[in-house]
Amino acid sequence: MAKELLMGNEAIGLGAIHAGVRLVSGYPGTPSTEILETVAQHNDGGRIHVEWSVNEKAALEVAAGGAYAGARTMVTMKQVGLNVASDPLMSLAYVGVKGGMVIVAADDPGPISSQTEQDTRCFAAFAKLPVFDPSSPEEAYEMVGEAFAYSEQYGTPVLLRPTTRVCHGCATVDLGEAAAEREPEGFVKDTGRWVIFPRLSYQNHIKIEERNVELSHLFSTCRYNTVEGKGDLKKGVAAGGISYAYVKESLPGEVKLLKIGTPHPFPETLAVEFMRGLEEVLVLEELDPVIEKELLRIAGKYHLPVTIRGKLTHDTKNAGENSVESVRGDLGRFLPEYEELAAGDADRTEEALPLPVRPPVLCAGCPHRASFYAVKQAAKGRKAVYSGDIGCYTLGNSKPLDMVDTCLCMGADVTIAQGLHIIEPDAVNFAFIGDSTFFASGMTGVVNAVYNQTDIILVVLDNSTTAMTGHQPHPGTGKTMMGDVVSKISIEKILEAVGVGRIVNADPLNLPEAVGAVKEVMDEKGVRAVIFKSPCIAVAKPAARYEVKEEACTLCRQCIRELGCPAIVRTDGNISIEPSLCTGCGLCAQVCKFQAIQEVE
């Protein structure tokens with residue numbers, strides 16, 4: 001048995017490999033991205049099919065097909081991706097699988113890089129699926145193998161719900177031996193099993209409810225659900241996920257502690273055993289009060305005279321992520337008899353130096369800045385609304401650009417713009433979408449706009465990668481996660497095929513050309529598109545470097561006021577360009593009216 005220092009996502013990926021996974025699909029999204037990448041990096045001989053699918057729905061359906069054929073499959077996504085995959089997921093919960101299928105949906109308490117703080121444990125209960133909630137990278141590695149085993153034993157998909165601190169935390173993991181290779185049986189035709197009809201759904205619903213009762217009993221003896229401590233006090237603590245690890249940092253050993261690693265189906269028998277003899281229980285968990293509500297339900301069902309405290313009673317915060325410090329503070333208030341907890345909490349409340357404000361901004365040289373600026377200049381004086389989308393370009397909302405008026409979810413820029421135009425037809429409605437997002441969820445909206453004859457200007461920001469999540473390939477890049485070079489799918493040809501009447505291509509770093517392209521389509525009717533194509537600075541070599549000629553600079557600060565490029569700084573009253581940040585995009589030189597910004601010779 002080897003030991004390795006692994007990030008949680010690496011541990012999950014290796015756990016899947018060692019469990020004999022044959023197909024891994026997903027869509028990149030923080031904090032889950034590195035799971036699939038780890039599988040790809042360790043895919044010796046290409047035995048495992050690994051793919052970034054166009055979106056989470058496609059990924060889940062691909063994996064379901066593999067599981068229908070008897071292979072072990074895994075799908076990876078972040079928590080909001082589960083919304084996209086929910087249509088096939090809800091039906092798949094009723095149909096079931098043959099090969100083991102694990103769906104990894106990484107939650108993002110905070111949120112740190114997401115639109116919502118939704119809790120996958122609730123989604124598991126909604127879909128009536130088992131879910132594992134690891135408290136550490138080591139446990140995440142072990143849970144993957146067990147999730148596959150449960151999936152095959154019960155013929156159901158199983159969810160794994162790591163949170164950001166588990167995904168991106170590092171720990172030494174004991175790696176087991178890889179499972180012996182086995183050839184999948186293949187797909188066996190059986191319309192009574194694989195073709196979903198109302199009658200089959202009804203019958204399977206009955207089986208699912210019976211199965212979940214059985215799993216509740218089984219999970220009460222599962223090693224991921226435990227009761228620790230002597231229970232001498234009349235108080236106890238319950239925790240799950242990373243919050244359990246935080247509790248262990250501070251909780252005195254004699255206090256009774258319930259650890260929940262499988263929040264659905266909930267280990268009811270173990271919970272009853274834990275609560276007997278207690279008068280109060282404090283629940284520490286991130287996001288929704290899942291454990292808290294289950295303990296309340298069980299206490300009522302078994303008439304246990306115990307008070308359950310947590311989010312619902314406002315004894316713990318009901319939003320954001322927990323930390324060692326916040327959990328210690330919660331424990332100190334719940335257990336005042338332990339002076340060391342209260343003292344420790346007081347120590348941590350001492351005033352600390354304020355951290356500098358560092359808002360997220362587009363990188364220096366990012367072509368999206370040039371695209372936004374070109375549209376802003378072209379639309380100057382016009383009543384315009386700018387609908388944005390999910391990606392690096394969401395940062396276009398920051399001043400001085402201020403070019404993202406709405407942002408809802410992936411692909412919504414196109415359809416939000418349609419709704420805005422219908423109600424306010426005198427405005428020019430722009431819809432900004434990235435190349436990866438276009439393939440993931442933008443095409444449907446474009447078809448809808450063409451079909452319903454809506455006047456919008458689609459602005460495609462094509463930087464030839466999926467930049468925000470770490471430069472993953474997509475259908476427009478001509479590369480796959482299996483290392484194959486394939487034909488690039490053309491966004492322009494797709495737009496032509498669905499009936500977009502006017503399509504103009506432009507280089508956003510050529511400011512006159514970019515502004516002219518936008519003006520060219522501004523006053524036309526129907527759906528028209530501008531495709532700004534320029535590679536992300538992280539995948540392209542710097543072209544040159546620019547500097548400010550002090551003798552020509554008038555200190556008008558137009559370059560700073562209009563672009564907001566982090567490479568342009570004001571130091572000791574002078575404007576300069578930080579050489580280590582400049583990528584040579586040349587946008588600032590084109591904006592400067594005094595030709596004070598020149599390429600370094």
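The minimum heavy-atom distance between A63 and V75, with the atom names listed, is CB-CG2, 3.3 Å. The two residues R165 and I112 make their nearest non-hydrogen contact at NH2-CD1, 3.6 Å. Shortest non-hydrogen contact noted between A544 and E599 is CB-OE2, 3.3 Å. The nearest pair of heavy atoms linking C392 to H368 is CB-CD2, 4.2 Å. Between C582 and A567, the shortest heavy-atom distance links the atoms N-CB, 4.1 Å. Looking at every heavy atom in both residues, L129 comes nearest to A93 through CD2-CB, 3.7 Å.
Residue D119 holds its CG atom at 9.5 Å from CD of Q79, rounded to the nearest 0.5 Å. Between atom CG of residue N318 and atom CG of residue L287 there is a gap of 10.5 Å, rounded to the nearest 0.5 Å. Considering CG of D462 and CD1 of I531, their distance stands at 7.5 Å, rounded to 0.5 Å. The distance from the CZ atom of F123 to the CE atom of M90 is 6.5 Å, given to the nearest 0.5 Å. Here the NE2-OG1 distance, from H264 to T120, works out to 13.5 Å after rounding to the nearest 0.5 Å. For the atom pair SG of C559 and NZ of K593, the computed distance is 11.5 Å after rounding to the nearest 0.5 Å.
The ring-ring contact (aromatic ring centres under 6.0 Å, His included) check on F432 picks up F372, with sequence neighbours excluded. Applying the salt bridge (charged side-chain N to carboxylate O under 4.0 Å, His left out) criterion to K57, with sequence neighbours excluded, gives E61. Judged as a salt bridge (charged side-chain N to carboxylate O under 4.0 Å, His left out), and not counting sequence neighbours, the contacts of D426 are K383. Under the salt bridge (charged side-chain N to carboxylate O under 4.0 Å, His left out) criterion, D523 pairs with R382, not counting sequence neighbours. Taking the ring-ring contact (aromatic ring centres under 6.0 Å, His included) definition, one finds that Y373 meets it with nothing, sequence neighbours left out. With sequence neighbours left out, D87 forms a salt bridge (charged side-chain N to carboxylate O under 4.0 Å, His left out) with no residue at all.
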Let's go through R545 and E547 carefully: what are the C-alpha distance in whole Å and the side-chain angles of both, what is the deciding distance for salt bridge (charged side-chain N to carboxylate O under 4.0 Å, His left out) to 0.1 Å, and is it a yes or a no? CA-CA 7 Å; R545 190 165 61 79; E547 63 182 358; 5.4 Å; no

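Put simply, the side chain of T477 does not reach to within 4.5 Å of the side chain of P475, judged on heavy atoms. When side chains are defined from C-beta on, L458 counts as touching V414, because their heavy atoms get closer than 4.5 Å. The closest side-chain heavy-atom distance from Q472 to T33 is below 4.5 Å. Taking the side chain as every heavy atom from C-beta outward, I433 and L461 never approach each other to under 4.5 Å. Side-chain contact between T480 and E51: absent, with no pair of heavy atoms (C-beta onward) separated by less than 4.5 Å.
Among K311, R121, K317, the one residue that satisfies the salt bridge (charged side-chain N to carboxylate O under 4.0 Å, His left out) test with E285 is R121.
A donor-acceptor contact shorter than 3.5 Å links the side chain of E10 to the backbone of M7. A donor-acceptor pair is defined here as one N or O able to donate and one able to accept, closer than 3.5 Å; no such pair exists between the side chain of E56 and the backbone of A85. Using a distance-only test at 3.5 Å, with no hydrogens or angles considered, a donor-acceptor pair links the side chain of R369 to the main chain of L563. Using modelled atom types, no side-chain atom of N463 and backbone atom of P535 make a donor-acceptor pair closer than 3.5 Å.
The stretch residues 451-500 participates, sequence neighbours left out, in these ring-ring contact (aromatic ring centres under 6.0 Å, His included) pairs: F439-H474. Residue pairs that meet the ring-ring contact (aromatic ring centres under 6.0 Å, His included) test with at least one member in residues 529-584, sequence neighbours left out, do not exist here. Note on residues 570-579: no pairs pass salt bridge (charged side-chain N to carboxylate O under 4.0 Å, His left out), not counting sequence neighbours. Sorted by first and then second residue, the side-chain hydrogen bond (donor to acceptor under 3.5 Å, both in side chains) pairs involving residues 483-501 (not counting sequence neighbours) are E492-N505.
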For residues 400-412, run the donor-acceptor check on the side chains, cut-off 3.5 Å, and write out each pair with its distance to 0.1 Å, sequence neighbours left out.
{"from": "D402", "atom 1": "OD2", "to": "K399", "atom 2": "NZ", "distance (Å)": "3.4"}
{"from": "D405", "atom 1": "OD2", "to": "Y386", "atom 2": "N", "distance (Å)": "2.8"}
{"from": "T406", "atom 1": "OG1", "to": "S387", "atom 2": "OG", "distance (Å)": "3.4"}

Would you mind writing out the side-chain donor-acceptor pairs for residues 507-520 within the sub-3.5 Å range, not counting sequence neighbours?
{"from": "D507", "atom 1": "OD1", "to": "L509", "atom 2": "N", "distance (Å)": "3.0"}
{"from": "N510", "atom 1": "OD1", "to": "E513", "atom 2": "N", "distance (Å)": "3.3"}
{"from": "N510", "atom 1": "ND2", "to": "E513", "atom 2": "OE1", "distance (Å)": "3.4"}
{"from": "E513", "atom 1": "OE2", "to": "D507", "atom 2": "N", "distance (Å)": "2.8"}
{"from": "E520", "atom 1": "OE2", "to": "R502", "atom 2": "NH2", "distance (Å)": "2.2"}

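When only modelled atom types and interatomic distance are considered, T316 and D330 share no side-chain donor-acceptor pair under 3.5 Å. N574 and S576 are not linked by any side-chain donor-acceptor pair at a separation below 3.5 angstrom, with hydrogens and angles left out of the test. Side-chain atoms of T164 and D108 include a donor-acceptor pair closer than 3.5 Å. Neither side chain, K78 nor T30, offers a donor N or O lying under 3.5 Å from an acceptor on the other. Checked by atom type, the side-chain pair Y393/T437 shows a donor-acceptor distance below 3.5 Å. Counted by atom type alone, D107 and Q118 present zero donor-acceptor pairs between their side chains at under 3.5 Å.
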